[in-house]
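Structure first, commentary second.
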Amino acid sequence: MSKNTPKAIRGTQDIFGADAEAFAFVVETFERVRKLYRFRRVEMPVFEKTEVFSRAIGETTDVVSKEMYSFEDRGGDSLTLRPEFTAGIARAYLTNGWQQHAPLKVGTHGPLFRYERPQKGRYRQFHQIDAEIIGAAEPQADVELLAMADQLLKELGIEGVTLHLNTLGDADSRENWRAALVAYFSAVKGDLSQDSQDRLEKNPLRILDSKDPRDKAFLPDAPKIDDFLTDGAVSFFESVTGGLDAAGVKWQRAESLVRGLDYYRHTAFEFIPDEGTAAADALGAQSTVLGGGRYDGLMESLGGAPTPAVGWAAGIERLAMLVGKTGDSESRLAVLPKREELLPLAHEVLAALRLDGLQAEAPFRFQNPSKAFQKLKKRGIPYVLDIDPPDFEGELGHARLIYGEASYEEITELAVQIEDALERQFTLKFMGGKPHNSTGWGISSRK
RNA sequence: GCGAUCGUAGCUCAGUUGGUUAGAGCGCCGGUUUGUGGUACCGGAGGUCGGGGGUUCGAGACCCCUCGAUCGCCCCA
């Protein structure tokens, strides 16, 4: 690489080959499941006014205070590359009058940007799939959203990942619990880790899932959310868990699971790989693969009417790491000219095959047939249609199907398809007999 | 933002205690061989050692700075 070639920006990825296939597989599967659950597709801007995020997510959160890509545009407005989907969707809901569609179920996917230290499963430009239900206060909405997430993971073939579920209660429950946690941890502040002493100010709930042994000692006796839930919050959570059981979605209670962003209420959840599994290994420290919850308080922070909503987002890269090798996609069939002068005919044949819906490819220039063939085999392309010189005067050429270990049925089916395709463009000779007996065709003239 | 490890051809790596024109395998290109053929052989292109500075008669190898990667912390998807 030349010294003056610009390098990629830190934390960005150029996804190619098998990784790109896995990425596409995640997106395609999400699109399919999304339609199954009748979530409507939305496309959102990649940047918004900075206040959309600072007001919705919370000024004190790490995301807003130190991870946003914010800049001033030429008009002097402060804009920010979206660090998440929900705030932008909430803004769109309010500015476009989408209230008329409530309850509105939407899904989208695309890039997000966060200025963080890159790590396994963590990038500065990363990609998420996202699903939201806006304008539904019913616990059944939470259930449907989670059932969708659960089905998505199953259809992706991801195993060893469990739904960790918690409730943060309604605004009152959450506030009282938070106050109790602050009081509890303040009493032992000096014995906490430095991180947790900071969290005491900014985000006391987060102390609950600290990994520091100094903090862990105090966790078992910390105030539990269950003791602060109002009757309404309790029955809401019971409806959610009951609905999940009825829907066959496996879950486990995670009392210390909280969300980092301020706008969450009631249901909070994460799908996390079980310890010791291949999935946990693949993800390293970035273990949450899909997370979300109910954010009834968000619309008000953007100046809208109180609007209940639930949603989740999942990291496409993280999911892609779990779906295993999907393999790079290769052609099944290649057309190979045996001599340089047959290259044009090979491309005519190729065009005929494609017009008939067959996936195929041919080299752009002539190459030693033996080496060209080797290359195709190495790439795992199973079928080659050789274009040979004509057997008789006046013919254009001769096409022969070369195959490896394929089954009789497979060869026959492909041979018939090729024959059909060629017959539309060319007059063929030696067509008699069954395909498996005569996998070659004399190409006598164009039609 | 903090810590640890690492950075040599397209890829995976080797380069003795610093010493002549920086190596291998794979890949790539050309040729021969073979001619339902992933074979074998011959030849070739391609690195100045992430970048900058320093120590030295002399540095890919030592020191400093910087950029990047990886893995943790933090945060989160």
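Chain letters run A, B, ... following the sequence lines, proteins first and then strands; every chain starts at 1.
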Q.
Using Watson-Crick or G-U wobble geometry with both distances under 3.5 Å, which nucleotide pairs with U21(B)?
A. none

Q) Gln374(A) CD to C28(B) C1': how many Å, rounded? A) 13 Å

Q: Give Phe271(A) one of three labels, base, sugar-phosphate or nothing, depending on what nucleic acid heavy atoms sit under 4.0 Å from its own.
A: nothing

(Q) If the cut-off is 4.0 Å, is Arg117(A) near the phosphate of G3(B), judged by side-chain N/O to OP1 or OP2? (A) no

Q: Sticking with atom P, work out how far C42(B) lies from U5(B), rounded to a whole angstrom.
A: 45 Å

Q | Whether Tyr69(A) and Phe113(A) hold their rings parallel, tilted or perpendicular, with breakpoints at 30° and 60° | A | perpendicular

Q) P atom, C13(B) versus U70(B): distance in rounded Å? A) 15 Å

Q) A69(B) pairs with which nucleotide, Watson-Crick or G-U wobble, both distances below 3.5 Å? A) U5(B)

Q | Polar side-chain atom of Tyr184(A) near backbone of Phe218(A) as donor-acceptor pair, under 3.5 Å | A | yes

Q) Do Glu275(A) side-chain atoms and Ala280(A) backbone N/O form a donor-acceptor pair below 3.5 Å? A) no

Q: For nucleotides U12(B) and G50(B), find the distance between their P atoms and express it as a whole number of Å.
A: 14 Å

Q. Could you go step by step and tell me if Val289(A) and Ile272(A) meet the side chain to side chain contact (heavy atoms under 4.5 Å, CB included) rule?
A. CA-CA 6 Å; Val289(A) 96; Ile272(A) 303 173; over 6 Å; no

(Q) With a cut-off of less than 4.0 Å, is there a side-chain N or O of Gln119(A) near OP1 or OP2 of G72(B)? (A) yes

Q: Would you mind classifying the nucleic acid contact of Asp212(A) as base, sugar-phosphate or nothing, using non-hydrogen atoms under 4.0 angstrom?
A: nothing

Q: Just name whichever nucleotide pairs with C26(B), Watson-Crick or G-U, keeping both distances under 3.5 Å, else none.
A: G10(B)

Q: Provide, to the nearest angstrom, the distance between the CZ atom belonging to Phe269(A) and the C1' atom belonging to A77(B).
A: 12 Å

**Q.** Criterion side-chain hydrogen bond (donor to acceptor under 3.5 Å, both in side chains) on Gln128(A) and Glu84(A), from CA distance to verdict
**A.** CA-CA 8 Å; Gln128(A) 286 185 346; Glu84(A) 59 137 47; over 6 Å; no

Q: Would you mind pulling out the nucleotide paired to U48(B), Watson-Crick or G-U wobble, both distances under 3.5 Å?
A: none

Q: When you get a sec, tell me which of C74(B), A77(B), U36(B) is the closest nucleotide to the side chain of Asp62(A)?
A: C74(B)

Q: Pick the P atom in G30(B) and in A69(B), then give their distance to the nearest Å.
A: 36 Å

Q) Would one find a side-chain N or O of Arg124(A) under 4.0 angstrom from OP1 or OP2 of A69(B)? A) no

Q: Check whether the side chains of Asp130(A) and Thr108(A) place a donor and an acceptor atom closer than 3.5 Å, and report yes or no.
A: no

Q.
Can you check the distance between G1(B) and G23(B), where both ends of the measurement are the C1' atom (answer in whole Å)?
A. 42 Å

Q. Does a side-chain N or O from Arg10(A) land closer than 4.0 Å to OP1 or OP2 of A69(B), or not?
A. yes

Q | Closest listed nucleotide, where the reference is the side chain of Lys371(A) and the choices are C2(B), G30(B), G35(B) | A | G30(B)

Q | Heavy-atom closest contact (Leu385(A) atom, Leu333(A) atom, distance) | A | N-CD1, 4.0 Å

Q.
Suppose you measure atom C1' in U48(B) against the same atom in G7(B); what distance do you get, rounded to whole Å?
A. 16 Å

Q) Using the C1' atom in both, what is the distance from A45(B) to G35(B), to the nearest Å? A) 29 Å

**Q.** C74(B): pairing nucleotide in any strand, Watson-Crick or G-U under 3.5 angstrom
**A.** none

**Q.** Below 4.0 Å: OP1/OP2 of C2(B) and any side-chain N or O of Lys66(A)
**A.** no

Q: With heavy atoms under 4.0 Å as the rule, sort Gly292(A) into base, sugar-phosphate or nothing.
A: nothing

(Q) Between Ser210(A) and Lys120(A), which residue's closest nucleotide on RNA chain B lies nearer the 5′ terminus? (A) Lys120(A)

**Q.** Gln367(A) side chain near G30(B) phosphate (N/O to OP1/OP2, under 4.0 Å)
**A.** yes

Q: Would you kindly give the CZ-to-C1' distance between Arg206(A) and C76(B), to the nearest whole Å?
A: 7 Å

Q. What distance, rounded to whole Å, do you find between the two P atoms, one in C67(B) and one in A24(B)?
A. 35 Å

**Q.** Pairing partner (Watson-Crick or G-U wobble, both distances under 3.5 angstrom) of U34(B)
**A.** none

(Q) Can you work out whether Thr288(A) or Leu401(A) has the more 5'-proximal nearest nucleotide on RNA chain B? (A) Leu401(A)

Q. Does the base of C74(B) carry an N or O that pairs as donor and acceptor with the side chain of Arg199(A) under 3.5 Å?
A. no

Q) Once you round it to whole Å, what is the distance between P of C11(B) and CZ of Phe16(A)? A) 13 Å

**Q.** Atom pair distance, as rounded to whole Å: CG in Leu257(A) and P in A77(B)
**A.** 11 Å

Q) Quick one: which of A77(B), C75(B), U36(B) gets closest to the side chain of Glu67(A)? A) C75(B)

Q: Decide yes or no for Leu168(A) and Trp177(A): does some side-chain heavy atom of the first lie under 4.5 Å from some side-chain heavy atom of the second?
A: yes

Q: Provide, to the nearest angstrom, the distance between the CG atom belonging to Asp130(A) and the P atom belonging to C76(B).
A: 17 Å

Q: Give the rounded distance in Å between these two atoms: CD1 of Ile129(A) and C1' of A77(B).
A: 10 Å

Q. Is Lys211(A) near enough to C74(B) that one of its side-chain N or O atoms lies under 4.0 angstrom from OP1 or OP2?
A. yes

Q | Asp198(A) CG - C75(B) C1' separation (whole Å) | A | 13 Å

Q: Select one nucleotide: of A77(B), C73(B), U36(B), the one nearest the side-chain heavy atoms of Ile402(A).
A: U36(B)

